[in-house]
Amino acid sequence: MEEVPRDEHEGCQHKQPPEDPSNHAATLATLVVRAVLFDWNNTLVQFTWDDELLAAGHRAALRAVGRDDDPTMFTARHRERVVERGGPDEPYEALLRELLVDASDQEIDAFIDAEHDAWASAYEVLGSAQAMLESLRSRGIKTGVVLNSWPDPGRVLRRDIDRFGLADLLDVIVISSEVGMRKPDPGIFRLALDELGVDPLDAVFVGDSLATDVQGAANLGMTTIQALWFSADDTPSIEPDFMAFTPMDVLNAVSRLAR
Ligand SMILES: [Mg+2]
C-alpha cells in the first residue's frame with residue numbers, strides 16, 4: 001500500500017485533503033508517473049511585452065521584405081487589428097495579408113520570421129529547464145510540451161524550442177495551430193499522451209494557467225502542478241493537485257507521486 005502524499009514539503013503543497021474520497025488523492029496514491037508534460041509560455045519560457053519591440057519588429061520585418069510602408073503607420077494599424085482585435089480564431093498570416101496588401105506567402109513568412117527575431121530579447125528560457133527535463137528523463141519519464149500558439153506559427157515556436165536547447169529533451173511537442181485544438185480542450189492533452197503511449201492517469205501536467213493548463217489536464221484525469229515561478233495565477237475555484245514555486249518542487253512532487 002502506497003502512502004498518500006502529504007504536505008510535509010515546504011513550497012510544494014498537496015491541495016486536497018486525503019480523507020475526501022471523491023477527490024483525486026486516492027488515485028494519486030497509486031500513480032505511476034510515465035510522462036510529465038509542460039506548458040511553454042510563462043512555464044518553460046518567460047515572455048515580457050515591450051512596446052518598443054513591437055515597433056522595432058515592424059521596422060525590421062518591413063525592411064526584410066522590401067516594403068516601403070511607413071513603419072509608424074504600420075504599427076498603428078497592426079496594434080488596432082492584431083494586438084487589440086486579433087485572436088486565435090484568425091491565423092496571424094491572415095491578419096498580415098489584410099495589413100500588407102499584395103504580399104506573397106513567402107513575404108508573409110519572411111515578415112513573421114524577421115519580426116519574431118526582433119523580439120528575441122523578450123524571451124527568457126527557464127534557467128533550470130534543461131536540468132529539470134534531464135532529471136525526469138533519467139528516471140525513465142517521458143517529457144513533452146503542449147502549447148497554445150498565437151500569433152506565432154508553429155515553425156517559429158519549434159525553432160525557439162530548439163534554440164533554447166530543449167528540442168532534444170522533449171519526447172513530444174504539440175502546438176495548437178498545428179493540430180486544430182487549444183488548451184483547455186482535453187483533446188490536445190490526449191493527443192500528446194497518445195503519441196507517447198501514456199495513459200492520462202499516469203501523467204502529470206505542469207503549467208502556469210489554472211484555466212487552460214490545470215483545468216484542461218485535470219478534466220482528462222492528469223495530475224496537475226501549477227507552475228508559479230514566472231506568474232501567479234489565482235483564478236478562484238480551480239485548484240491544482242500541487243503548487244510548484246521552483247522547478248525543484250516539480251521534481252519533488254513527481255518523486256512523491258512515483259513512490
Ligand atoms: Mg502559460
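Both ligands and their constituent atoms are indexed starting at 1 by order of listing.
- The pair Glu195-Lys142 does not count as a salt bridge, with every side-chain nitrogen at least 4.0 angstrom from each carboxylate oxygen.
- With salt bridges taken as basic N to acidic carboxylate O contacts below 4.0 Å, none links Asp199 and Arg34.
- Note on the Mg ion (ligand 1): protein N/O/S atoms under 2.8 Å are Asp39 OD2, Asn41 O, Asp208 OD1.
- The 12-atom threshold is exceeded at CD of Glu84, counting heavy atoms of other residues, nucleotides or ligands nearer than 6.0 Å.
- In terms of modelled atom types and a separation under 3.5 Å, the side chain of Lys183 and the main chain of Val146 share a donor-acceptor contact.
- The closest donor-acceptor contact from the side chain of Ser149 to the backbone of Ser177 lies under 3.5 Å.
- Between the side chains of Ser231 and Asp208, at least one donor-acceptor pair of N or O atoms lies under 3.5 Å.
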